[in-house]
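See structure below.
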Number of protein chains: 2
Amino acid sequence: MPYHKELANAIRALAIDAIEQSKSGHPGAPLGMADMATVLWHDVLVHNPKNPHWINRDRFVLSNGHASMLIYALLYLSGYDLTIDDIKNFRQFGSKTPGHPEFGLTPGVETTTGPLGQGLATAVGMALAEKLLAKEFNRPGFDLFNHNTYVFLGDGCLMEGISHEAASLAGTWGLNKLIALWDDNGISIEGNVKDWFTDNTPERFRAYGWNVIENVDGHDSTDIRKAISQATKNTNKPTLICCKTTIGYGSPNKAGTAATHGSPLGKDEALATKKQLGIEYPPFEIPAKILEKWNAAEKGATAEHDWNARFKAYTQEFPELAKELTRRLKAQLPDDFSNMMQNLIEQNAKSSDKPATRVASLNVLNAIAPKLPELLGGSADLSGSVGTCWKGSVTIKPETMSGNYLAYGVREFAMGAIMNGLALYGGFIPYAGTFLIFSDYAKNAIRLSALMKQRVIWVLTHDSIGVGEDGPTHQPIEQVASLRLIPNMQVWRPCDAVETVVAWKKSLERLNGPSCLALTRQGLEPMPRNSEQTKNIEKGAYILLDCSDPELIIIASGSEVNLAVQAAQNLNAEGRKVRVVSMPCAELFEAQPQNYKESVLPLKTRKRLAIEAASADWWTKYTGLDGKVIGMHSFGESAPADKLFKHFGFTVENVLKEAKALLNK
Amino acid sequence: MPYHKELANAIRALAIDAIEQSKSGHPGAPLGMADMATVLWHDVLVHNPKNPHWINRDRFVLSNGHASMLIYALLYLSGYDLTIDDIKNFRQFGSKTPGHPEFGLTPGVETTTGPLGQGLATAVGMALAEKLLAKEFNRPGFDLFNHNTYVFLGDGCLMEGISHEAASLAGTWGLNKLIALWDDNGISIEGNVKDWFTDNTPERFRAYGWNVIENVDGHDSTDIRKAISQATKNTNKPTLICCKTTIGYGSPNKAGTAATHGSPLGKDEALATKKQLGIEYPPFEIPAKILEKWNAAEKGATAEHDWNARFKAYTQEFPELAKELTRRLKAQLPDDFSNMMQNLIEQNAKSSDKPATRVASLNVLNAIAPKLPELLGGSADLSGSVGTCWKGSVTIKPETMSGNYLAYGVREFAMGAIMNGLALYGGFIPYAGTFLIFSDYAKNAIRLSALMKQRVIWVLTHDSIGVGEDGPTHQPIEQVASLRLIPNMQVWRPCDAVETVVAWKKSLERLNGPSCLALTRQGLEPMPRNSEQTKNIEKGAYILLDCSDPELIIIASGSEVNLAVQAAQNLNAEGRKVRVVSMPCAELFEAQPQNYKESVLPLKTRKRLAIEAASADWWTKYTGLDGKVIGMHSFGESAPADKLFKHFGFTVENVLKEAKALLNK
């Protein structure tokens with residue numbers, strides 16, 4: 001059997017076996033893409049299986065993540081820390097081989113994929129990171145960053161809207177080291193795509209400024225090799241390689257049909273497929289000589305060794321640069337970060353300014369970003385409104401590809417997935433802004449940040465009906481609560497400048513997950529605090545205005561904290577005992593020890609009033625069955641913000657009314 | 001002044017005045033698109049200002065909805081029910097002229113726009129509706145449906161991913177009566193788009209199979225007229241007309257810059273602009289002779305009158321067809337709808353089958369869809385999995401454009417917006433399916449269904465960790481609760497086949513909003529019910545298993561109801577008093593009278609246990625501070641579903657444990 005076929009068949013054998021064993025999975029794509037994968041991984045990819053974290057490795061993203069057995073087979077065969085038992089445990093509880101590839105679970109998986117289209121966009125982020133770090137840290141003779149980013153993608157990825165956003169940006173940015181291989185098998189779940197996917201995809205990608213290599217036989221190793229070779233030589237455009245393939249390649253009765261997409265072949269067809277392919281070894285037993293041919297450990301070690309030598313010489317030549325790069329790749333904040341933030345907190349605490357929290361956030365960036373070159377900002381065409389473009393921001397332009405700020409255009413979803421790619425790559429802390437309402441457009445990318453535990457910071461402004469005249473299409477109602485519901489997400493809704501500084505501090509220090517900063521359009525009064533209260537902001541919720549043995553607790557966040565304080569002051573002046581709890585970040589509060597939580601919200605105090613100009617339901621978590629929430633129960637309206645706050649009951653008068661109703665109950 | 005300029009200037013004058021008066025708004029686009037709008041609305045558009053509901057009117061969608069003053073000016077000038085006082089009240093509380101165009105608020109506004117890209121996709125839905133209804137109801141000599149759908153869109157719409165999904169489908173479907181006019185002004189909020197929007201848009205749209213008319217001078221009425229005329233002659237492709245314009249046209253100091261985009265021109269610049277344009281009349285005072293030229297009431301009345309005569313003759317020739325069309329356009333369900341549903345409920349109640357609710361849902365469709373030709377189904381390439389393709393489904397193919405089922409491809413967001421267009425058009429009840437997790441991709445279109453009060457039905461299956469092996473990327477956690485948080489959304493999570501029938505019944509009967517059906521992948525036991533309980537399903541929550549004076553109430557939805565019942569039976573057998581409440585639709589429950597709600601969940605019963613294999617937080621609304629929720633607090637995992645339910649505590653044993661902990665508290 002020809003060398004290439006033998007290697008490709010090993011992938012196919014493992015995919016067939018694992019999917020049969022688990023009685024679940026997607027054989028069509030691994031069988032169809034095995035030839036493409038063999039050329040790329042065996043002949044081309046520069047990587048070190050023994051160190052999946054080597055920074056200058058080629059990146060590989062399987063955007064059509066349901067083909068997960070393809071990547072598990074590749075990782076196993078190449079010599080990554082994945083055993084044949086792991087392959088046997090495909091899709092089983094606690095295994096390293098879950099149904100879709102998951103970052104952090106499997107060595108060598110660069111990003112979590114499955115939600116279609118996002119892998120491509122995340123790969124754009126990785127290729128962008130490479131280009132920017134090369135620009136910043138490479139020196140003549142010292143190409144620390146000079147690798148490619150490869151993506152496999154299917155028809156589904158290309159149908160999704162995010163493929164448009166991501167490909168458009170990749171073209172604009174001229175990411176020539178991004179090489180996408182399209183598994184053009186003409187089949188999606190419902191069958192032949194001719195009835196629902198008629199795009200001229202090559203023409204479409206050329207319209208984005210891509211280099212497109214058409215008519216590649218995705219089962220001909222020479223053809224594939226030639227195409228990849230051409231692609232790697234392009235110096236100013238990303239490349240799309242269109243590989244004609246047969247889904248379920250090798251299956252005598254199912255190849256070329258949707259029947260191979262998402263179900264095991266079945267025992268008989270599995271056997272027949274192996275027979276047709278000429279695979280004669282038993283399940284899960286790849287012959288040693290094939291394993292040997294596949295093993296990339298030695299080649300990988302050499303490649304990394306060469307790079308390490310280069311980096312050592314670089315360190316001697318450019319010690320400061322090397323130190324800075326090392327710091328950034330280790331995700332270490334600068335030594336004086338804590339002091340810097342503490343000073344900023346104190347400085348803001350002394351100020352009587354009443355900035356909108358979106359402005360307070362910009363002030364934070366202006367103060368700290370000069371010390372944090374890893375901050376890579378951006379916005380979905382709303383920089384001026386959302387305050388993400390600080391005074392030292394340099395927008396990265398296509399001609400120069402240098403700077404620290406990205407004009408993502410009106411592309412929220414790709415912005416989210418690209419930030420995921422930047423964060424996964426390392427060396428950057430991506431943050432970006434849009435209106436809170438448009439977090440809806442990026443929802444699943446935000447979710448993937450949380451699932452992948454990535455430090456991605458969303459600056460989400462215009463956070464309530466305070467948007468005013470733009471009306472209900474632009475006024476978030478359910479968005480804050482929806483974001484809070486995402487596991488491992490920290491949502492901040494600060495009530496003034498000081499809380500905004502703390503929100504940034506905690507978001508930057510957070511190494512295991514994303515943060516959302518929900519910020520106001522309108523100015524907010526600074527709240528008075530003693531130093532302990534200021535310290536307690538970090539706990540997510542704290543007593544902002546106290547009294548002994550409270551009969552009523554008012555809990556609020558963001559722009560509504562001021563209403564709570566005013567109402568409480570009023571009531572306390574009347575001799576009532578009312579406490580105000582500011583809760584800028586419920587997720588952090590929940591992570592506190594029980595005794596702290598009890599000290600802030602004693603279980604016995606049942607008269608509780610929550611105020612937030614957003615969905616009321618979420619707050620019942622703290623108000624219980626005896627409390628009350630002043631929140632939103634409908635969409636907003638178009639009118640000046642002050643009129644809306646009044647209309648919807650966000651006034652001191654209404655808070656007093658509701659508080660008294662509770663007190664007198 | 002030339003006739004055309006005079007008419008266009010009236011738009012510009014009103015836009016300038018209204019935006020100055022409200023001190024808020026977006027003058028750039030109305031000033032820039034006034035010439036395009038004048039040609040289209042004055043010379044081309046077939047519509048009747050006195051009856052914005054006339055079914056065969058041309059549709060007009062302003063996809064770049066921030067240009068709202070453009071459409072308000074057009075409506076006022078054309079003679080719609082919009083007064084100069086309405087224009088003066090632009091963006092004020094309770095006005096008919098909100099910040100972004102809102103369907104239902106302003107006569108003549110066909111759809112709510114503002115969230116970019118969705119207007120285009122919604123227009124695709126409208127053009128599709130026209131084509132399908134024409135196919136179904138037109139007869140030789142009786143073209144009841146033969147109008148065009150026009151869309152204005154800006155760079156922002158074209159950057160958004162949904163523009164890709166929608167344009168791709170429009171091309172595939174050959175929607176030749178869809179004519180999009182691109183306001184190609186080269187400016188978005190952050191300035192000249194050359195740094196972030198470099199697509200060759202004409203080439204891109206040709207790749208989708210569109211007819212593209214390039215290089216139209218968007219300020220030259222002859223040029224625009226010629227282009228529209230060409231477009232209307234195309235018989236097999238949608239058309240994109242690329243109009244080169246100047247944003248803020250006429251403003252001597254700001255035209256061509258982003259400064260005109262989202263802020264009033266300012267008093268001086270407003271005056272200077274009017275001077276440069278040659279507008280000499282005072283604010284809000286369009287001269288009578290211009291108003292007269294603009295007024296389209298007579299022409300519109302004639303057009304509708306002709307159509308009415310045609311429809312009258314049609315009614316005589318094809319009485320059954322006319323009757324059926326009238327029924328559908330009035331959104332009336334067939335006379336025997338209630339009986340049919342009642343029979344189906346009873347039939348299911350007798351069955352001991354244990355279908356997954358996704359299968360139960362398909363069974364409903366198989367039973368009722370033959371009687372409801374207005375059902376227009378579809379799926380985002382998951383028909384087989386989500387059970388939306390019933391036995392009478394005929395997939396609409398590009399060659400024939402006939403049938404009752406849409407293969408949307410992997411395009412959830414466009415699917416949502418297209419369904420909005422279909423629902424707004426009328427004559428159809430759009431429903432479509434995808435996995436619940438991917439509602440994230442369509443989130444903002446789902447929100448717009450709710451905001452626009454449209455009857456759109458989402459079939460969202462694989463509704464929990466019950467997804468199993470596909471793992472956390474495919475297992476919804478926060479999605480059910482997030483959908484419940486959308487105002488005016490009804491989310492159903494039925495526990496068995498009978499509840500699934502009721503979910504469909506209520507969703508179909510609902511004329512003022514969308515519904516989401518969250519359905520299981522896995523089979524569910526039928527629950528026993530008496531006829532009153534069955535009737536009470538419609539109330540959104542009801543007592544499924546009772547006892548006198550309960551000490552504990554277990555509340556559950558969907559697949560977890562069975563756990564609740566088993567645990568309660570166990571406990572009651574031990575002499576405890578436990579009630580089970582099934583809550584398939586919390587939104588409907590909340591709409592019940594207080595005494596019903598109290599009868600189901602008496603406030604005094606504080607020992608409450610909620611069970612749902614989804615975000616726990618949302619359920620605290622019913623469990624309060626003394627209850628407990630068995631829910632999800634993390635992402636899921638990849639493993640067989642039964643293993644996951646056990647791992648995450650969704651077992652009778654764990655329910656018993658938690659119930660006893662509450663009982664013994």
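Heavy-atom basis, side chains included; hydrogens, waters and symmetry copies ignored. The shown structure was predicted, so the numbers you read here are calculated from the model rather than taken from an experiment. Every chain is numbered from 1, with letters handed out A, B, ... down the list of sequences.
The two residues B:S638 and A:G99 make their nearest non-hydrogen contact at OG-N, 2.8 Å. Across B:L485 and A:L485, no two heavy atoms sit closer than the pair CD1-CD1, 3.9 Å. Residues A:T172 and B:D195 come closest through the heavy atom pair CG2-O, 3.6 Å. Here the closest non-hydrogen pair linking A:H647 and B:F93 is ND1-CZ, 3.2 Å. Residues B:L158 and A:H164 come closest through the heavy atom pair O-NE2, 2.8 Å. Residues A:T473 and B:L451 share a closest heavy-atom pair of CG2-CD2, 4.0 Å.
Proximity to chain A involves both the backbone and the side chain of B:A450, based on heavy atoms less than 4.5 angstrom apart. Heavy atoms of B:H26 lying under 4.5 Å from chain A belong exclusively to its side chain. Contacts between B:E637 and chain A at a heavy-atom distance below 4.5 Å involve the side chain alone, from C-beta outward. For a residue to count as touching a neighbouring chain, one of its non-hydrogen atoms must lie under 4.5 Å from one of that chain's; by this rule B:S188 touches chain A with backbone and side chain alike. B:S168 touches chain A through backbone and side chain together, each having a heavy atom under 4.5 Å away. Heavy-atom distances place the side chain of B:H474, and not its backbone, under 4.5 Å from chain A. Heavy-atom distances place both the backbone and the side chain of B:F635 under 4.5 Å from chain A. Only the backbone of A:Y622 comes within contact range of chain B, judged by heavy atoms closer than 4.5 Å. Heavy atoms closer than 4.5 Å to chain A are found nowhere in B:F435, neither backbone nor side chain. Contact annotation for A:E590: neither backbone nor side-chain heavy atoms come within less than 4.5 Å of a heavy atom of chain B.
Side chain of B:E165 to main chain of A:E160: no donor-acceptor pair is present (N/O by atom type, distance under 3.5 Å, no hydrogens or angles). A:N444 places no side-chain N or O within 3.5 Å of a backbone atom of B:D440 that could act as its donor or acceptor partner.
Note: B:S163 OG to A:R411 CZ = 9.5 Å, rounded to the nearest 0.5 Å. Separating the CG atom in A:D381 from the CZ atom in B:F197 is a distance of 11.0 Å, to the nearest 0.5 Å.
Ranked by non-hydrogen atom pairs under 4.5 Å with chain B, the options A:G114, A:A407, A:A166, A:P202 are led by A:A407. In terms of non-hydrogen atom pairs under 4.5 Å with chain B, the most contact-rich of A:L169, A:I437, A:V193 is A:I437. Across A:P398, A:G156, A:G209, the residue that shares the most heavy-atom pairs under 4.5 angstrom with chain B is A:P398. With respect to chain B, the highest number of heavy-atom pairs below 4.5 Å among A:A639, A:A207, A:S615 belongs to A:A207. When A:K443, A:K23, A:E102, A:E190 are compared by the number of non-hydrogen pairs under 4.5 Å with chain B, A:E190 comes out ahead.
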From CA spacing to verdict: side-chain contact (heavy atoms from CB on, under 4.5 Å), A:D470, B:R91: CA-CA 8 Å; A:D470 271 351; B:R91 294 185 153 229; 2.7 Å; yes
Stepwise side-chain contact (heavy atoms from CB on, under 4.5 Å) test for A:K621 and B:L625: CA-CA 7 Å; A:K621 180 172 180 178; B:L625 302 178; over 6 Å; no
Would you check, one step at a time, whether the test side-chain hydrogen bond (donor to acceptor under 3.5 Å, both in side chains) holds for B:Q118 with A:Y441? CA-CA 11 Å; B:Q118 286 187 72; A:Y441 274 55; 3.0 Å; yes
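With salt bridges taken as basic N to acidic carboxylate O contacts below 4.0 Å, one links A:E478 and B:R447. In this structure, B:R204 does not pair ionically with A:E203, as no charged nitrogen and carboxylate oxygen lie closer than 4.0 Å. A:R206 and B:D199 are not joined by a salt bridge, as no carboxylate oxygen comes within less than 4.0 angstrom of a charged side-chain nitrogen.
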